[in-house]
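Structure first, then comments.
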Number of protein chains: 2
Amino acid sequence: MPRPRSLTNDQIAAAALAVIDRDGLPALSMRTVAAELDRRTMALYRYVEDREELECLVVDLALGPVLDRAAGREPSPRARLLALLARMREAVGAHPGVLPLAVRHHRTSLPALRWRERILQALDAAGLDAPARAAALHALVAYTIGALEVEHQGPAVTPAPAAFPLLAAALGTRAATSPSTAFTAGANTVLTGLGIA
Amino acid sequence: MPRPRSLTNDQIAAAALAVIDRDGLPALSMRTVAAELDRRTMALYRYVEDREELECLVVDLALGPVLDRAAGREPSPRARLLALLARMREAVGAHPGVLPLAVRHHRTSLPALRWRERILQALDAAGLDAPARAAALHALVAYTIGALEVEHQGPAVTPAPAAFPLLAAALGTRAATSPSTAFTAGANTVLTGLGIA
DNA sequence: AGTTTTGGCGTACGGTCTACACCTACGAGG
DNA sequence: CCTCGTAGGTGTAGACCGTACGCCAAAACT
């Protein structure tokens, strides 16, 4: 009986993602997303409660591919975990502007929760019991979020290099290593610290 | 010859911090800070280029105590590093609202840079060479930022506990551990992964 | 064809940041 | 003491933002 919806959640999320990819996160607004869909601003509120819900939609869309090809084929639990973290990095790297939104909403995003569950499965396969799994998940999630945040804001700057000799040297060697290897190296240290073979 | 300044940077930062502590980060605006100082809005622009610079001031103030008592007294490098990370956690914990600002501006905040330099000193004392120090700093900074971000947004919620059995169990044990011990445990795993005694 | 549910939109309000122009308080030089 | 120039304080206004409210039209079922 009712008039059918002419917009799907995916279309709305895709429009928001297009705005972010094209003009950056600051350009995301109800107005710009509505314009991307060739609608007036208020039409969006028929599909979305408020801006927060719009942000959740785009996070779900951007984080969707984090598990698209079943990431359970790697031989060792450690390789599986490494691949899971790398997949999250790739998903965010494909749409860098959504990183702040992903950080803010990853607790409620279904793809992010599935990603956590997969991590816990790999930790279980590695022989960790429940409390150890919880601690390990915390460490891995914290490292991943922080590493992505550090990667997507440029390197730190030293106002007075002479006053920060070690920092200046560290920034030099860091500038010589690719973000991908830096991320993987950090992930490996965490996994080593967790005692995962 | 000129008329003297009636406001110091510290007073402005303290006013902004007071607004954040009292009413939360969303309440921070040029208007609210100006009102806190008993000035009209535009008076602030005599002291601060724009809102971003105001944010930097408050981050510098909030992160100042991260090094107030010389944190170099701990016996082992590992204990020193653990104390440095804990200090950052305490500084943020004293003003939870500034966390997003601290994450956004820690690359340019002097206290944050000094904190990194101290970490590098401890890593040097632990026997790491320059490339290893850079990698270790990256891992420690990433973990710290991510752990604080995870800590200051509540625990994740599982919409369908049956679909996420391991996650539901992990959230249960996590709810039973204090944020402080969870943070320290994660820091210890990273330090272990770095091979620091 | 009529009814009803819903989608789409116009208007408007209160909020944000800040560019600009104006007045004035203050301290130094005469 | 008086003047003067610099800089502090502020009012106005413009361009954005999110969104509450109310109206109209379109679409599908009876």
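Every chain is numbered from 1 and lettered A, B, ... according to where its sequence line falls, protein lines coming before strand lines.
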Next on the checklist: Could you see if B:Val98 belongs to whatever hydrophobic cluster contains B:Leu67? Use Ile, Leu, Val, Met, Phe, Trp, Tyr and a side-chain cutoff under 4.5 Å.
Outcome noted: yes
Checklist entry - Nearest 0.5 Å, what's the CZ-OG distance between B:Arg46 and B:Ser6? => result 11.5 Å
Item to check | Spacing of OH belonging to A:Tyr45 relative to CE belonging to A:Met30, to within rounding of 0.5 Å | outcome: 3.5 Å
When the side chains of residues 121-139 of chain A are checked against the rest of the protein, which donor-acceptor pairs come out under 3.5 Å, sequence neighbours left out?
residue	atom	partner	partner atom	Å
A:Asp124	OD1	A:Arg133	NH1	3.1
A:Asp129	OD1	A:Ala132	N	3.2
A:Arg133	NH1	A:Leu128	O	3.0

Checklist entry - Quick one: does A:Arg46 reach the base of C:dG8 with a side-chain donor-acceptor pair under 3.5 Å? => result yes
Could you state the [atom1]-[atom2] distance from [X] to [N], rounded to the nearest angstrom?
X       : N      : atom1 : atom2 : result
B:Leu44 : D:dG8  : CG    : P     : 13 Å
B:Leu54 : C:dT16 : CG    : P     : 13 Å
B:Arg40 : C:dA21 : CZ    : P     : 23 Å

Checklist outcome for this item: With B for base contact, S for sugar-phosphate-only contact and - for none (protein heavy atoms under 4.0 Å), nucleotides 25-30 of chain D reads -BSBS-
Checklist outcome for this item: Scoring nucleotides 13-21 of chain D by protein non-hydrogen atoms under 4.0 Å (B base, S sugar-phosphate only, - none) yields ----BBBBB
Checklist entry - Does A:Arg39 put a side-chain nitrogen or oxygen below 4.0 Å from OP1 or OP2 of C:dG8? => result yes
Next on the checklist: With a 4.0 Å cutoff (strictly under), does any side-chain N or O of A:Tyr47 reach OP1 or OP2 of C:dT6?
Outcome noted: no
Item to check | Main-chain N/O of A:Val103 paired with B:Gln153 side-chain donor or acceptor, under 3.5 Å | outcome: yes
Checklist entry - Looking at residues at least two apart in the chain, or sitting in another chain, which of them share a side chain to side chain donor-acceptor pair (under 3.5 Å) with A:Arg78? => result A:Asn188, A:Thr192
Contacts under 3.5 angstrom, residues 157-173 of chain B side chains, donor-acceptor by atom type, not counting sequence neighbours:
residue	atom	partner	partner atom	Å
B:Thr173	OG1	B:Ala170	O	3.1

Got a list of side-chain donor-acceptor pairs under 3.5 Å for residues 58-65 of chain B, not counting sequence neighbours?
residue	atom	partner	partner atom	Å
B:Asp60	OD1	B:Ser109	OG	2.8

